[in-house]
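Quick note on labels: first sequence line is chain A, next is B, and so on, each numbered from 1.
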Amino acid sequence: MPRESVIEIWGKVKEEKQAPAGVEVEVSKLNVIVPVAAPLPFEVNRTQEMLNLKIDMILDHRPFSLRNPEIGNVFKVQAEICRSFADFMRRNDFLEVHTSKIIAQGTEGGTALFPIQYFEQKAFLAQSPQFYKQMLVGAGYERVFEIGFVYRAEDHATSRHINEYLSLDYELGFIESHQDVMSLEVEFLRYLFENIKKNCAEVLNLYKINLPEIKEIPQIPLLEAMKIVQDEFGQKPSRPDDLDPEGEKLICEYTAKKFGSDFVYITNYPATARPFYTMPDLENPGLTKSFDLLYKGLEVTTGSQRIHDYNMLVDNIKKFGMNPEPFDFYLEIFRFGMPPHGGLAIGTERLTQQILGLKNIREASFFPRDRYRLTP
RNA sequence: GGGCUCGUAGUGUAGCUUGGUUUAACACGUCGCCCUGUCACGGCGAAGAUCGCCAGUUCAAAUCUGGUCGAGCCCGCCA
């Protein structure tokens with residue numbers, strides 16, 4: 001019978017110390033329910049090291065390749081991330097929401113959006129639930145979270161970008177500053193790592209991953225981080241208002257050595273590097289109450305306190321050279337009493353990728369959509 | 001949008017620099033036979049690749065050149 005056939009076995013289970021699982025079945029009856037009808041595309045029941053498959057081969061035969069334990073078990077960890085996120089949020093009185101992925105207006109000015117035809121109107125796929133989660137905080141729910149796909153039409157081809165990714169979002173009202181948003185995330189990450197250790201022990205073992213305990217996550221203001229990268233590594237920044245990917249790797253190297261943390265918050269980004277709804281830092285003119293979370297050299301979270309004052313928000317839209325009028329649907333609730341609030345978004349695939357040390361983000365997406373791939 | 005790299009049996013690689021002993025090699029898989037208390041780790045044998053495609057250079061091209069198609073990675077941007 002060919003490998004991978006669907007079979008039914010009757011027999012006695014008996015203890016057998018030599019067997020990998022400690023037991024074996026003494027077969028008395030064997031039925032081939034569905035035999036394999038075509039040659040297999042590759043040997044699926046091997047270690048990835050032996051197979052050395054190219055990502056393209058894996059993805060071209062996606063459902064089949066998922067039978068490989070190392071390839072398929074990625075998604076047990078990913079499911080644990082989503083479950084833990086929802087669980088943690090509910091315990092902290094967040095309401096789970098689902099907002100539309102068909103939108104009329106982009107949240108970052110309208111650049112990286114997929115246009116779609118919505119009957120006689122032009123619409124876009126949402127690049128973020130940003131406006132909606134804010135509006136729902138204003139609606140009086142105060143704390144909301146969402147797990148949903150977002151779409152970015154960015155024309156890039158790297159091992160850390162896909163054009164459709166699962167975003168873990170939350171937004172909470174009545175905060176003092178972005179620090180409240182961050183400390184909640186630290187708690188979540190601790191909870192998540194405990195859960196993964198507890199519920200995905202076999203998978204971690206398969207990947208030979210030893211998840212460290214998350215203690216404190218260090219915070220470094222962006223400008224300081226850029227200076228560290230330059231002073232410690234002699235790496236000149238390629239742009240004035242953010243770390244480049246190399247800089248992100250280096251700053252993580254630095255904090256891993258100095259603080260023993262795989263995570264580091266980069267805070268207080270310049271307003272020029274952030275969307276218009278980001279709260280300015282009045283004590284540091286030109287900077288914002290914002291942060292990114294880097295994990296083992298990769299950005300996995302972006303968040304901030306948001307502007308809650310109507311006039312300030314409208315002014316800021318104008319400052320960004322945009323017309324506030326198309327944003328009316330979003331701005332309205334800000335006139336009816338919007339509490340101070342903030343939130344963040346976590347890239348699920350990136351988090352999965354970094355936890356398991358995957359080379360390519362596409363390994364952390366069942367059916368990834370990238371610059372050229374639309375199937376399977 | 002810019003840059004770099006790669007494309008050899010089902011899969012993964014070697015060969016390419018310095019063109020010709022290559023009937024293109026090796027591992028795994030596939031098929032057959034044998035052996036066997038099975039287990040990714042026994043033995044013997046077989047099939048399977050016009051070396052992505054097109055053109056050029058040459059007596060001769062997997063190997064050199066150009067084009068083309070496909071793929072991967074990096075940058076910008078971002079989760």
Side-chain angles (χ1 to χ4, degrees), chain A residues 1-4 9 11 14 16-27 30 36 38-61 64-65 68-69 81 106-109 111-113 126-130 147-169 185 237-239 241-249 266 269 272-275 291-295 297-303 343-354 359-365 368 370-373:
Chain A
M1 129 196 41
R3 287 168 186 237
E4 299 298 313
I9 285 175
K14 61 173 192 182
E16 177 56 62
K17 285 190 183 116
Q18 275 179 273
V23 292
E24 61 180 29
V25 180
E26 210 169 83
V27 179
L30 187 150
V36 164
L40 305 177
F42 53 86
E43 295 153 70
V44 76
N45 196 21
R46 298 272 176 165
T47 64
Q48 283 225 72
E49 197 187 353
M50 290 177 81
L51 289 173
N52 193 220
L53 292 169
K54 291 187 180 106
I55 187 73
D56 210 38
M57 179 60 61
I58 293 173
L59 294 177
D60 283 345
H61 307 279
F64 178 73
S65 66
N68 180 284
I81 291 173
T107 58
E108 328 282 329
T111 51
L113 293 166
Q127 68 191 153
S128 155
Q130 185 60 36
I147 299 175
F149 277 127
V150 294
Y151 300 86
R152 306 262 164 120
E154 285 146 13
D155 188 5
H156 42 213
T158 77
S159 55
R160 62 182 188 284
H161 287 100
I162 41 180
N163 294 294
E164 175 185 57
Y165 72 88
L166 195 60
S167 186
L168 306 178
D169 274 271
E185 186 183 27
S238 60
R239 47 190 163 145
D241 58 358
D242 201 355
L243 293 164
D244 49 43
E246 184 60 20
E248 290 181 347
K249 268 185 204 136
I266 306 298
Y269 281 79
T272 52
R274 291 281 148 157
F291 61 89
D292 275 7
L293 177 64
L294 308 184
Y295 177 31
L298 185 65
E299 185 178 328
V300 293
T301 294
T302 289
L344 56 70
I346 301 171
T348 313
E349 293 86 352
R350 280 195 179 178
L351 187 56
T352 312
Q353 180 185 9
Q354 293 308 87
K359 283 204 187 89
N360 194 309
I361 193 168
R362 279 164 263 206
E363 295 174 58
S365 174
D370 65 29
R371 182 63 184 78
Y372 299 103
R373 182 174 289 278

Whole-Å distance, K359(A) NZ to rC74(B) C1', equals 16 Å
Span that lies between the P atom of rG20(B) and that of rU65(B), in whole angstrom: 15 Å
What integer distance in Å separates L53(A):CG from rU13(B):P? 9 Å
Is R3(A) near enough to rU30(B) that one of its side-chain N or O atoms lies under 4.0 angstrom from OP1 or OP2? yes
Can you work out whether P41(A) or T301(A) has the more 5'-proximal nearest nucleotide on RNA chain B? P41(A)
Would you state whether a donor and an acceptor, one from the side chain of E154(A) and one from the base of rG76(B), lie under 3.5 Å apart? no
Can you check the D56(A) CG to rG70(B) P distance for me, whole Å? 12 Å
Is it true that R373(A) and D60(A) have a side-chain N and a carboxylate O under 4.0 angstrom from each other? yes
At 4.0 Å (heavy atoms only), tell me whether R362(A) reaches a base, stays on the sugar-phosphate, or touches nothing. sugar-phosphate
So, does T158(A) use its side chain to make a donor-acceptor pair with the main chain of R160(A) at under 3.5 Å? yes
Residue met sooner reading RNA chain B from 5', once G347(A) and Y372(A) are mapped to nucleotides: Y372(A)
When rounded to whole Å, the NE2 to C1' distance for the pair H156(A) and rC74(B) reads 13 Å
When you check the phosphate oxygens OP1 and OP2 of rU13(B), does a side-chain N or O of K54(A) lie under 4.0 Å from one of them? yes
Which is true for I55(A) with a 4.0 Å heavy-atom rule: it touches a base, it touches only sugar-phosphate, or it touches nothing? sugar-phosphate
Looking for any heavy atom pair under 4.0 Å, which part of the strands does P39(A) touch: base, sugar-phosphate only, or nothing? nothing
Sort by first number and list every stem of RNA chain B: at least 3 consecutive Watson-Crick or G-U wobble pairs, both distances under 3.5 Å. B:1-7 with B:69-75, B:10-13 with B:25-28, B:30-34 with B:42-46, B:52-56 with B:64-68
In whole Å, what is the span from the CD atom of E363(A) to the P atom of rG72(B)? 13 Å
Rounded to the Å, how far apart are E299(A) CD and rG76(B) P? 11 Å
Going by ring pair (Phe, Tyr, Trp, His ring centres under 6.0 Å), name the residues that satisfy it together with Y165(A), two or more places apart in sequence or in a different chain. none
Within the side chain of T348(A), is there an N or O that forms a donor-acceptor pair under 3.5 Å with the backbone of L166(A)? yes
Does CG belonging to N45(A) count more than 12 external heavy atoms closer than 6.0 Å? no
Report yes if a side-chain nitrogen or oxygen of R274(A) is closer than 4.0 Å to either non-bridging phosphate oxygen (OP1 or OP2) of rC78(B); otherwise report no. no
Where the side chain of D244(A) is defined as all heavy atoms beyond and including C-beta, which of rU11(B), rA79(B), rG76(B) is the nearest nucleotide? rG76(B)
Could you tell me whether a side-chain N or O of D370(A) sits under 3.5 Å from a main-chain N or O of I162(A), the two making a donor and an acceptor? no
Any side-chain to backbone donor/acceptor pair from R350(A) onto I361(A)? Under 3.5 Å, distance only. no
For atom P, what is the distance between rG56(B) and rC51(B), given to the nearest Å? 16 Å
Rounded to the nearest Å, what distance is computed from the CG atom of residue N68(A) to the P atom of nucleotide rU11(B)? 16 Å
Minimum-distance nucleotide (side-chain atoms of R160(A) versus rG12(B), rC75(B), rG10(B)): rC75(B)
Closest to the side chain of T158(A), out of rU11(B), rC75(B), rA79(B), is rC75(B)
Less than 4.0 angstrom between a side-chain N/O of N52(A) and OP1 or OP2 of rU13(B), yes or no? yes
When you check the gap from the basic side-chain N to the acidic O, do D242(A) and R274(A) get nearer than 4.0 Å? no
Across the strands shown, which category fits I361(A) at heavy-atom distances under 4.0 angstrom: base, sugar-phosphate, nothing? base
Would you say rA79(B) has OP1 or OP2 under 4.0 Å from some side-chain N or O of T348(A)? no
Would you mind reading off the distance between L243(A) atom CG and rC75(B) atom C1', rounded to a whole angstrom? 15 Å
Do we see Y165(A) stacking on the base of rA79(B), given a limit of 5.5 Å between centres and 30° between planes? yes
Under 4.0 Å, counting only non-hydrogen atoms across every strand here, what does D155(A) touch: a base, just sugar-phosphate, or nothing? base
Have a look at T302(A) and say if it touches a base, only the backbone sugar-phosphate, or nothing, with a 4.0 Å heavy-atom cut-off. sugar-phosphate
